[in-house]
Amino acid sequence: KGSLRAEGRCEGRHMSKAIEEVRGQRIVVRFDARKCIHSRHCVLGRPEVFVPNVPGEWIHPDAASPEAIMQVALACPSGAITCERLDGGEGESAPKVNTLRVRENGPLAIHAPVVVAGRDEGYRVTLCRCGASRHKPFCDGSHAAIGFAATGEPPTRESQPLAVRDGTLAVSPQPNGPLKVEGPLEVVSGTGRTIDRVTRAFLCRCGASGNKPFCDGSHKRVGFVAE
């Protein structure tokens, strides 16, 4: 167990590779600071479980039912919070449809069995599209600090329904370039409108594309640098 607190103190832990684990009687809660984007679903949804800005332990897994805590975890878009049921109850499972939601002025939120740069990252990740994250390819909230502006409602592209809508999604950050995604994926606007259906695409992560969320080669023009 760690002494990390939500919001205030997790800022300094974004670069940490450690995953904080707190074990309750019926559920284990894990917090991965490198993925946190401060969406605050945890501290607003179950403030008796996730208690910010207090000394010592800030996660209290016995303060609510495992079902209630699982609901909070599933609402965490970045996958920073995950849970393991110890009571035999249903845990998190892969979605029936892989989706990528384009967040207004923010990151790309993926819900799928996702592998990023060859590493299994579970079912939820938020990926930087402003180019400023200190923990690329993951979002760290830097879009807010730099005033990144990009619509969450891009125009709809003509596409056909996918023959297969679930399964593993591979994300491969290209050197000094976009995010290459391979696998069935529905690109969805912030309001839930389908923008495109793809099995392979290149997504902007430099923040400069004129065709967001897709890459248009602008990373070369702006001299974007990232592994």
Val49/Val72 under side-chain contact (heavy atoms from CB on, under 4.5 Å): CA gap, chis, key distance, verdict: CA-CA 10 Å; Val49 177; Val72 171; over 6 Å; no
Which heavy-atom pair separates [X] from [Y] by the least distance, and what is that distance?
X      : Y      : answer
Val54  : Glu57  : CG2-O, 4.0 Å
Phe50  : Pro52  : O-CD, 3.4 Å
Pro213 : Leu108 : CB-CD2, 3.9 Å
Glu48  : Ala64  : OE2-CB, 3.8 Å

Evaluate the side-chain proximity of [Y] to [X]: yes if any heavy-atom separation is below 4.5 Å, no if none is.
X      : Y      : result
Leu74  : Glu92  : yes
Asn98  : Pro113 : yes
Val187 : Leu100 : yes
Phe138 : Thr126 : no
Cys83  : Pro61  : no
Arg124 : Ser78  : no
His41  : Arg46  : no
Phe214 : Asp196 : yes

Lys212 side chain to Ser209 backbone, donor-acceptor under 3.5 Å: yes
Check: Gly177 main-chain N/O paired with Arg205 side-chain donor or acceptor under 3.5 Å: yes
Hydrophobic cluster membership, Val22 vs Phe31, 4.5 Å side-chain cutoff: yes
Common cluster, Ile195/Ile110, ILVMFWY with side-chain heavy-atom separation under 4.5 Å: yes
Candidate pair Arg23 and Glu84, rule salt bridge (Lys or Arg N to Asp or Glu O under 4.0 Å), full reasoning: CA-CA 9 Å; Arg23 183 173 292 265; Glu84 178 185 347; 5.2 Å; no
Considering only distance and modelled atom types, tabulate donor-acceptor pairs under 3.5 Å from the side chains of residues 197-204, sequence neighbours left out.
from: Arg197; atom 1: NH1; to: Ser159; atom 2: O; distance (Å): 3.3
from: Arg197; atom 1: NH1; to: Ser159; atom 2: OG; distance (Å): 2.8

Salt bridge (Lys or Arg N to Asp or Glu O under 4.0 Å) partners for Arg85, two or more places apart: Glu67, Asp87
Salt bridge (Lys or Arg N to Asp or Glu O under 4.0 Å) involving Glu158 - partner list, sequence neighbours excluded: none
Gap between atom [atom2] of [Y] and atom [atom1] of [X] - 0.5 Å precision:
X      : Y      : atom1 : atom2 : result
Ile27  : Asp62  : CD1   : CG    : 10.0 Å
Glu121 : Leu127 : CD    : CG    : 9.0 Å
Cys215 : Lys220 : SG    : NZ    : 8.0 Å
His135 : Lys35  : NE2   : NZ    : 9.0 Å
Leu179 : Cys206 : CG    : SG    : 10.5 Å

All side-chain hydrogen bond (donor to acceptor under 3.5 Å, both in side chains) counterparts of Ser142, not counting sequence neighbours: Asp140
Per-pair distances, 0.1 Å, donor-acceptor, side chain in residues 163-174, under 3.5 Å, sequence neighbours excluded:
from: Arg165; atom 1: NE; to: Glu186; atom 2: OE2; distance (Å): 3.0
from: Arg165; atom 1: NH2; to: Glu186; atom 2: OE2; distance (Å): 2.9
from: Gln174; atom 1: NE2; to: Ser172; atom 2: O; distance (Å): 2.9

Glu227 atom CD, over 12 foreign heavy atoms within 6.0 Å: no
Distance-only criterion, 3.5 Å: show the donor-acceptor pairs between side-chain atoms of residues 143-157 and protein atoms not counting sequence neighbours.
from: Thr151; atom 1: OG1; to: Glu153; atom 2: N; distance (Å): 2.9
from: Glu153; atom 1: OE1; to: Ser189; atom 2: OG; distance (Å): 3.1
from: Glu153; atom 1: OE1; to: Thr191; atom 2: OG1; distance (Å): 3.1
from: Glu153; atom 1: OE1; to: Arg193; atom 2: NH2; distance (Å): 3.1
from: Glu153; atom 1: OE2; to: Ser189; atom 2: OG; distance (Å): 3.4
from: Glu153; atom 1: OE2; to: Gly190; atom 2: N; distance (Å): 3.4
from: Glu153; atom 1: OE2; to: Thr191; atom 2: N; distance (Å): 2.9
from: Glu153; atom 1: OE2; to: Thr191; atom 2: OG1; distance (Å): 2.9
from: Thr156; atom 1: OG1; to: Arg193; atom 2: NH1; distance (Å): 2.7

Sole candidate of Ile81, Ile69, Val29, Val51 that passes side chain to side chain contact (heavy atoms under 4.5 Å, CB included) when paired with Cys42: Ile81
